[in-house]
Q: 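I have a structure I would like to understand better, so I am pasting it below and will then ask my questions one at a time.
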Protein chains: 2
Amino acid sequence: MHRETKQRTAILKYLNNTKSHPTADIIYDVVKKIIPNISKGTIYRNLNVLKESGQVTRLNIKGTVSRYEIKQASHYHFRCEQCGRVFDIDEPVDKSIDERVAKSTGFKVIRHQLEFRGLCKDCQR
Amino acid sequence: MHRETKQRTAILKYLNNTKSHPTADIIYDVVKKIIPNISKGTIYRNLNVLKESGQVTRLNIKGTVSRYEIKQASHYHFRCEQCGRVFDIDEPVDKSIDERVAKSTGFKVIRHQLEFRGLCKDCQR
DNA sequence: TCAGTAATAGGAACCATTACCATTATTATG
DNA sequence: CATAATAATGGTAATGGTTCCTATTACTGA
Ligand SMILES: [Mn+2]
Ligand SMILES: [Mn+2]
Ligand SMILES: [Zn+2]
Ligand SMILES: [Zn+2]
């Protein structure tokens with residue numbers, strides 16, 4: 001069974017209060033201020049546990065480090081190629097496309113992921 | 001200037017004749033049969049050179065390792081969560097969505113990437 | 001033909017993530 | 001409350017994909 005440790009609580013609390021899609025490293029830096037001797041392994045272990053239990057989502061695109069967010073309704077992302085930040089995009093999620101692809105391919109389509117790339121406002125100047 | 005080496009030629013030749021979106025490791029295994037003492041560094045170096053020159057695309061597909069393909073018209077992918085294989089999807093590419101997101105966010109949208117996940121035919125049984 | 005230099009092989013380094021393990025802390029139960 | 005079972009931790013080593021380094025090789029333009 002899952003225990004409620006102060007480490008796990010602090011990680012969840014931070015994720016619940018940010019929209020920044022932080023990396024494990026950023027989470028580590030933030031939580032370290034509250035629990036100075038926390039280890040990075042604990043960050044990763046908890047993020048994986050929370051992902052398994054459906055409370056956290058891992059955004060991982062190869063070529064970049066993984067980013068994490070509190071599990072929420074399906075949505076799309078924008079990644080700035082300059083600064084690396086990730087933003088939510090409120091474009092409506094098209095569910096019908098999964099069925100269409102399933103029909104045309106014969107594959108079982110469970111989900112799709114759409115991500116935009118470019119330059120955020122700050123990085124355009 | 002770029003030179004034509006047998007290593008580079010063999011890598012390109014293999015990529016030109018497969019639709020499998022191979023990883024660097026797979027390319028290494030295949031090309032090793034033709035050039036037994038080729039090194040993995042040469043595979044990676046050439047894949048990067050070919051990417052820079054626009055002949056090869058590196059797929060930033062969710063998962064752990066990078067996959068490569070010959071540069072071609074923009075298209076979407078499906079990744080089987082069981083066997084890990086990547087397939088092309090011939091769903092038409094929606095270009096208007098980039099502009100729509102650009103307008104609503106103020107970001108400069110350069111491209112988008114859509115990827116489906118699920119089970120391929122083989123893995124459904 | 002050959003000098004200039006791009007590319008190679010092999011191995012070390014890098015770095016995000018995972019694995020290991022002795023110790024600590026949470027929690028179900030009496 | 002006391003306690004025993006064991007989940008979780010901190011610290012560190014290991015892993016694995018990828019990049020970097022360097023002496024040597026081999027393209028290629030002149
Ligand atoms: Mn998000
Ligand atoms: Mn493809
Ligand atoms: Zn930016
Ligand atoms: Zn499959």
Side-chain angles (χ1 to χ4, degrees), chain A residues 1-15 20-69 79 81 83-86, chain B residues 1-15 20-69 79 84-86:
Chain A
M1 99 300 272
H2 285 174
R3 292 177 178 177
E4 192 178 317
T5 64
K6 62 180 193 293
Q7 290 85 350
R8 186 166 296 165
T9 303
I11 291 168
L12 265 179
K13 183 174 179 187
Y14 172 55
L15 285 177
S20 68
H21 306 83
T23 62
D25 246 36
I26 293 169
I27 297 168
Y28 174 65
D29 288 342
V30 170
V31 176
K32 205 175 170 59
K33 286 175 189 152
I34 301 157
I35 307 167
N37 71 330
I38 195 170
S39 85
K40 205 170 280 189
T42 297
I43 302 291
Y44 278 107
R45 190 177 348 92
N46 275 297
L47 288 170
N48 282 330
V49 166
L50 292 168
K51 174 167 73 72
E52 292 310 317
S53 72
Q55 298 175 80
V56 162
T57 304
R58 173 164 68 194
L59 306 173
N60 64 329
I61 301 280
K62 181 52 205 161
T64 67
V65 300
S66 291
R67 289 171 173 271
Y68 299 84
E69 69 182 342
R79 182 182 299 259
E81 295 192 334
C83 66
R85 280 187 291 175
V86 172
Chain B
M1 98 299 272
H2 284 174
R3 293 179 177 174
E4 192 177 318
T5 63
K6 62 181 195 292
Q7 291 84 351
R8 185 166 297 165
T9 303
I11 292 168
L12 263 179
K13 182 173 180 186
Y14 172 54
L15 285 177
S20 67
H21 305 85
T23 62
D25 247 36
I26 293 170
I27 297 169
Y28 176 66
D29 289 342
V30 170
V31 176
K32 207 175 167 57
K33 286 175 189 151
I34 302 157
I35 306 168
N37 71 330
I38 194 170
S39 84
K40 206 171 279 189
T42 297
I43 302 292
Y44 278 106
R45 191 181 344 95
N46 276 298
L47 287 170
N48 283 329
V49 166
L50 293 167
K51 174 166 74 69
E52 292 310 315
S53 72
Q55 299 175 79
V56 161
T57 304
R58 176 163 65 196
L59 302 176
N60 296 318
I61 293 207
K62 179 165 183 170
T64 52
V65 303
S66 291
R67 291 174 173 269
Y68 299 84
E69 69 181 344
R79 179 189 177 87
R85 280 186 291 175
V86 172

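Chain letters run A, B, ... following the sequence lines, proteins first and then strands; every chain starts at 1.
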Q: Out of curiosity, A:Thr57 OG1 to A:Tyr68 OH, how far, rounded to the nearest 0.5 Å?
A: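 If I round to the nearest 0.5 Å, the distance is 11.0 Å.
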Q: Residues of residues 5-12 of chain B with any non-hydrogen atom less than 4.0 angstrom from an atom of DNA chain C: list those, numerically ordered, please.
A: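 Contacts with DNA chain C under 4.0 Å: B:Thr5, B:Gln7, B:Arg8.
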Q: Would you kindly give the CD1-to-P distance between B:Ile38 and D:dT25, to the nearest whole Å?
A: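 Whole-Å distance recorded here is 17 Å.
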Q: Report the distance from atom CZ of B:Arg3 to atom P of D:dA30, rounded to the nearest whole Å.
A: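 After rounding, the gap between these two atoms is 13 Å.
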Q: Under 4.0 Å from a heavy atom of chain B: give me the 5'-most and 3'-most nucleotides of DNA chain C that qualify.
A: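 Nucleotide range with atoms under 4.0 Å of chain B: C:dG4 to C:dG10.
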Q: With distance as the sole test, does B:Arg8 use its side chain to make a donor-acceptor pair with the main-chain N or O of B:Asn46 at under 3.5 Å?
A: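 Between the backbone of B:Asn46 and the side chain of B:Arg8 there is no qualifying donor-acceptor contact (under 3.5 Å).
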Q: At under 4.0 Å between heavy atoms, what does A:Asp25 touch on the DNA or RNA strands: base, sugar-phosphate, or nothing?
A: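 Counting heavy atoms under 4.0 Å across all strands, no contact is made by A:Asp25.
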Q: Do the side chains of A:Ile26 and A:Asp29 get nearer than 4.5 Å, heavy atoms only?
A: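 A side-chain contact under 4.5 Å is absent here.
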Q: Side chains of A:Pro22 and A:Tyr28: closer than 4.5 Å at any heavy-atom pair?
A: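 No; the side chains remain at least 4.5 Å from each other.
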Q: Using the 3.5 Å cut-off, write out each protein N or O paired with an N or O of nucleotides 19-23 of chain D and the distance between them.
A:
| from | atom 1 | to | atom 2 | distance (Å) |
| --- | --- | --- | --- | --- |
| D:dT19 | OP2 | B:Asn48 | ND2 | 3.2 |

Q: State the OG-CG distance between B:Ser66 and B:Leu59, to the nearest 0.5 angstrom.
A: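 The distance works out to 8.5 Å.
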Q: Is a donor on one side and an acceptor on the other found under 3.5 Å between the side chain of A:Arg67 and the backbone of A:His21?
A: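 Yes; at least one donor-acceptor contact below 3.5 Å.
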Q: Between A:Ala24 and A:Ile43, what is the shortest heavy-atom contact and its length?
A: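 Shortest heavy-atom separation between A:Ala24 and A:Ile43 comes out as O-CG2, 3.8 Å.
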Q: Using the side chain to side chain contact (heavy atoms under 4.5 Å, CB included) criterion, which residues pair with B:Thr9? Sequence neighbours excluded.
A: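 Counting only residues at least two positions away or on another chain, B:Thr9 forms a side chain to side chain contact (heavy atoms under 4.5 Å, CB included) with B:Glu4.
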Q: I need the minimum non-hydrogen distance between B:Ser53 and B:His2, along with the two atoms involved.
A: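 Result for this residue pair: CB-CE1, 4.2 Å.
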Q: Do B:Leu47 and B:Arg58 make a side-chain contact, defined as non-hydrogen atoms from C-beta onward lying under 4.5 Å apart?
A: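 They are not in contact (no side-chain heavy atoms under 4.5 Å apart), so the answer is no.
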Q: In whole angstrom, give the distance that lies between atom CG of B:Leu59 and atom C1' of D:dG17.
A: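 Nearest whole value for this atom pair: 16 Å.
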Q: With heavy atoms under 4.0 Å as the rule, sort A:Thr23 into base, sugar-phosphate or nothing.
A: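 The residue A:Thr23 makes no contact with any strand.
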Q: Measure the CD1-CD1 distance between A:Ile27 and A:Ile11 for me, rounded to the nearest 0.5 Å.
A: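 Spacing of CD1 (A:Ile27) from CD1 (A:Ile11) equals 7.0 Å.
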Q: Would you say that B:Leu12 contacts B:Val56 through its side chain, given a criterion of any heavy-atom pair below 4.5 Å between the two side chains?
A: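 Of all side-chain heavy-atom pairs linking B:Val56 with B:Leu12, at least one is under 4.5 Å.
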Q: What is the separation between atom NE2 on B:His2 and atom C1' on D:dG29, rounded to the nearest whole Å?
A: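 Computing the B:His2:NE2 to D:dG29:C1' distance gives 16 Å.
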Q: Considering residues at least two apart in sequence or located in another chain, which fulfil the side chain to side chain contact (heavy atoms under 4.5 Å, CB included) criterion with A:Ile35?
A: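 Here the qualifying residues are A:Lys6, A:Gln7, A:Ala10, A:Val31, A:Asn37, A:Ile38.
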Q: Rounded off to whole Å, could you give me the CD-to-C1' distance for the A:Glu4 and D:dA7 pair?
A: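 Rounding to the nearest Å, CD of A:Glu4 and C1' of D:dA7 are 14 Å apart.
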Q: What integer distance in Å separates B:Asn60:CG from D:dG17:P?
A: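 Taking CG of B:Asn60 and P of D:dG17, I get 17 Å after rounding.
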Q: Can you tell me how far C1' of D:dA7 sits from CG of A:Leu50, to the nearest Å?
A: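 Rounded to whole Å, this separation is 14 Å.
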Q: Quick check on the helix from C:dT1-D:dA30 to C:dG30-D:dC1: what's the angle between its two end axes, five base pairs per end, to the nearest 10°?
A: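 That helix has its two terminal axes inclined by roughly 40°.
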Q: How long is the span from the CD atom in A:Gln55 to the CG atom in A:Leu15, to the nearest 0.5 Å?
A: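 One gets 10.5 Å once the value is rounded to the nearest 0.5 Å.
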